[in-house]
Amino acid sequence: MKYYFIVNPNSRNGRTKKIWPDIEKRLIRNSFDFEYRFTSGPLDAIRLSEDATKNGFDIIVSVGGDGTNNEVLNGILKCKELQNDLPSLGFIPQGTGGDFRRTANLSTDIDEAIKILKEAKKRRIDTGEVSFYDHKGMEQKRYFLNICSFGISGLVDYYVNHTTKLFGGKISFLIGTLRGIFNYKNIEAELIIDNNNTGKMNITLVAVANGRYFGGSMMVAPSAELDDGLFDIVIMKDISRIRFIKDGPKIYRGEHIHSPDVIQVRGKELFIQKEGLYIDLDGEDVGRTPSRFSILPSSINIIAP
C-alpha cells in the first residue's frame with residue numbers, strides 16, 4: 001500500500017509545519033510506505049494530488065483542514081476517467097474548522113488518525129460538483145466533499161478568510177459571521193431543484209449539503225448522509241439580521257430546521273440563475289453565482305472508521 005501525504009504547512013496557523021517531523025517519525029515507526037510534499041500556496045494541493053493519482057498511489061492523505069481536503073479531492077477527481085483505479089482519500093485532520101471530519105467521524109488525535117490510515121478501511125461516498133464564476137468573471141467547475149453554499153455564508157466566508165485564526169476556528173468564524181451579517185442584504189432569486197421551480201424568494205442562505213456541518217461546527221444539515229446519493233438542500237429565506245443573530249445558536253444544534261423560514265429538501269441537482277451571490281466551497285470563498293450543483297453518487301473512497 002503506497003501512501004502520498006499532501007501537507008499544508010500553514011494549516012492551524014502554521015502548527016502543522018512544526019509538528020510534521022513528529023508525524024513523519026510516527027509513520028516510519030508504523031512501517032508506512034509513503035512520500036510527502038508540502039503545498040506551496042492556494043490550489044497547489046490540486047496539482048500534487050492529480051500527479052499522485054496519475055503516479056499510481058493507493059491512498060492520498062490530506063494533512064490540513066477542509067480547504068486542503070477539497071483541493072486533494074479535486075486533484076483526484078480530475079482523473080475520474082480512471083474510475084475504479086482512483087486512489088482513496090485519507091486524512092490527518094489539522095484544520096481549525098474541521099467540519100467534514102465531524103460527519104465522517106475522523107479523529108484529531110494523531111495516533112488515532114494514523115491507526116485509521118494503517119487499517120485502510122474504505123468507505124464509498126458521494127461528492128458534489130458545482131459550476132460558478134470566479135472573482136475575475138471566468139466560469140469554473142469544482143468538486144466538493146462537504147458543503148457548498150451561497151448567500152450570507154459566502155460573504156461570511158470572505159470575511160473569515162481575512163480574519164486571523166490565532167484564537168481558533170470558532171472565534172474566527174464568529175467574527176466573520178458578525179461582519180457578514182451586518183454587510184449582507186437578502187437577495188430575491190428562484191431556485192430550480194430537480195427541474196422544479198421554487199418560485200421567487202428572498203435568499204438569506206442556501207446550503208447544498210453532502211455533509212452535516214459548516215462554519216466551524218454549525219450543524220446546518222442535520223439529516224445529511226455522505227452516501228445516500230442525494231444533497232440535503234437547506235434554504236433559509238428572508239431572515240433579518242437581528243433574527244439571524246438571535247437564532248444563530250440554533251444552527252450549532254441543528255434546531256433551525258424547525259423554523260417556518262427554513263426549507264429542507266433532498267435532491268440531485270440545483271440551479272440558480274441569479275448573479276452575484278457569494279459562494280462558500282468547503283470553507284473557501286471561490287466566486288459567485290449563477291451556479292449549477294450536481295451530486296456525484298459513490299464517486300470516491302475515503303479512509304474512515
Side-chain angles (χ1 to χ4, degrees), residues 65-67 69-70 95-100 102-103 128 130 132-135 142 144-163 165 169-189 191 201-222 224 231-241 243-257 259 261-265 270 272 274-293:
D66 290 317
N69 296 344
N70 177 273
T96 50
D99 289 311
F100 179 75
R102 292 180 170 87
T103 301
V130 58
F132 60 93
Y133 288 83
D134 65 22
H135 294 304
R142 289 276 294 273
F144 60 98
L145 192 62
N146 186 40
I147 293 175
C148 191
S149 64
F150 55 89
I152 195 170
S153 57
L155 187 58
V156 163
D157 197 44
Y158 173 82
Y159 286 122
V160 167
N161 287 337
H162 290 79
T163 300
K165 296 182 181 179
K170 285 189 176 181
I171 298 299
S172 298
F173 283 114
L174 176 61
I175 294 171
T177 297
L178 292 174
R179 294 179 68 189
I181 288 170
F182 285 108
N183 285 280
Y184 182 79
K185 294 181 180 179
N186 292 331
I187 297 176
E188 186 179 74
L191 306 177
M201 61 179 72
N202 287 326
I203 297 296
T204 303
L205 184 153
V206 177
V208 184
N210 190 38
R212 296 178 182 176
Y213 300 88
F214 79 165
S217 77
M218 293 180 180
M219 197 191 302
V220 69
F231 289 128
D232 274 41
I233 301 167
V234 179
I235 304 166
M236 303 176 71
K237 56 188 181 71
D238 207 20
I239 297 175
S240 68
R241 293 184 179 96
R243 168 84 180 282
F244 199 89
I245 294 172
K246 181 180 178 182
D247 290 353
K250 292 182 179 180
I251 304 178
Y252 285 95
R253 302 189 297 268
E255 296 173 358
H256 62 293
I257 291 297
S259 168
D261 299 319
V262 176
I263 301 169
Q264 180 179 235
V265 296
L270 180 149
I272 175 169
K274 185 73 175 183
E275 297 179 0
L277 284 90
Y278 280 83
I279 293 173
D280 165 39
L281 176 78
D282 281 349
E284 300 297 322
D285 164 44
V286 294
R288 304 187 187 191
T289 59
S291 297
R292 186 179 299 276
F293 301 79

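Sequential numbering from 1 along the given sequence is applied to the chain's residues.
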For this session: May I ask you to decide if Gln264's main-chain N or O and Asp232's side chain share a donor-acceptor pair within less than 3.5 Å?
Result: no

Exercise. Asn202 side chain to Lys237 main-chain N or O, any donor-acceptor pair under 3.5 Å?
Worked result: no

Exercise. Any sub-3.5 Å donor-acceptor pair from Thr289's side-chain atoms to Ile272's backbone N or O?
Worked result: no

Exercise. What is the minimum heavy-atom distance between Cys148 and Val130, and which atoms define it?
Worked result: SG-CG1, 4.1 Å

Problem set entry | Over all atoms of both residues, closest heavy-atom pair of Asn210 and Leu145 | ND2-O, 3.0 Å

For this session: Would you give the length of the straight line joining atom CD1 of Ile181 to atom OG of Ser240, rounded to the nearest 0.5 angstrom?
Result: 10.0 Å

For this session: Give the intermediate values and the outcome of side-chain hydrogen bond (donor to acceptor under 3.5 Å, both in side chains) for residues Ser259 and Arg243.
Result: CA-CA 11 Å; Ser259 168; Arg243 168 84 180 282; 2.8 Å; yes

For this session: Let me see the working for Met201 and Ile235 under side-chain contact (heavy atoms from CB on, under 4.5 Å), right down to the final yes or no.
Result: CA-CA 10 Å; Met201 61 179 72; Ile235 304 166; 3.6 Å; yes

Problem set entry | Nearest atoms (heavy-atom pairs only) where Ser153 meets Asp280 | O-CB, 4.0 Å

Seminar exercise, completed: OH (Tyr159) and CG (Asn183) are apart, to the nearest 0.5 Å, by 3.5 Å

Exercise. If we only count heavy atoms from C-beta on, is the Tyr278 to His135 side-chain gap below 4.5 Å?
Worked result: yes

Exercise. Asp66 side chain to Phe100 main-chain N or O, any donor-acceptor pair under 3.5 Å?
Worked result: yes

For this session: Locate the shortest heavy-atom distance separating Arg241 from Tyr184; write the atom from each residue and the value.
Result: NH2-O, 3.4 Å

Exercise. Do you know the tightest heavy-atom contact between Val206 and Ile233?
Worked result: CG1-CG2, 4.1 Å

Exercise. Do NZ/NE/NH1/NH2 and the carboxylate oxygens of Arg142 and Asp282 come within less than 4.0 Å?
Worked result: no

Problem set entry | Under 3.5 Å donor-acceptor, Arg212 side chain and Ala224 backbone | yes

Problem set entry | Student check: side-chain heavy atoms of Ile152 and Met236 closer than 4.5 Å | no

Seminar exercise, completed: In this structure, CD1 of Ile251 is separated from CD1 of Ile257 (nearest 0.5 Å) by 9.0 Å

Exercise. Does a side-chain heavy-atom distance below 4.5 Å link Phe231 with Leu270?
Worked result: no

Problem set entry | Worked verdict on Asn70 versus Leu281 for side-chain contact (heavy atoms from CB on, under 4.5 Å) | CA-CA 8 Å; Asn70 177 273; Leu281 176 78; 3.9 Å; yes

Problem set entry | Straight-line distance of His256 NE2 to Met219 CE, nearest 0.5 Å | 9.5 Å

Exercise. Any sub-3.5 Å donor-acceptor pair from Asp238's side-chain atoms to Asp261's backbone N or O?
Worked result: no

For this session: Give me the ring orientation class for Phe144 and Phe293: parallel if the planes are under 30° apart, tilted from 30 to 60°, perpendicular past 60°.
Result: perpendicular

For this session: Please check if atom CD in Glu255 has more than 12 non-hydrogen atoms from other residues, nucleotides or ligands closer than 6.0 Å.
Result: yes

For this session: Please answer whether the main-chain N or O of Ile239 pairs with a side-chain N or O of Asn186 as donor and acceptor at a distance below 3.5 Å.
Result: yes

Seminar exercise, completed: Taking every heavy atom of Leu155 against every heavy atom of Gly180, the minimum-distance pair comes out as CD2-O, 3.8 Å

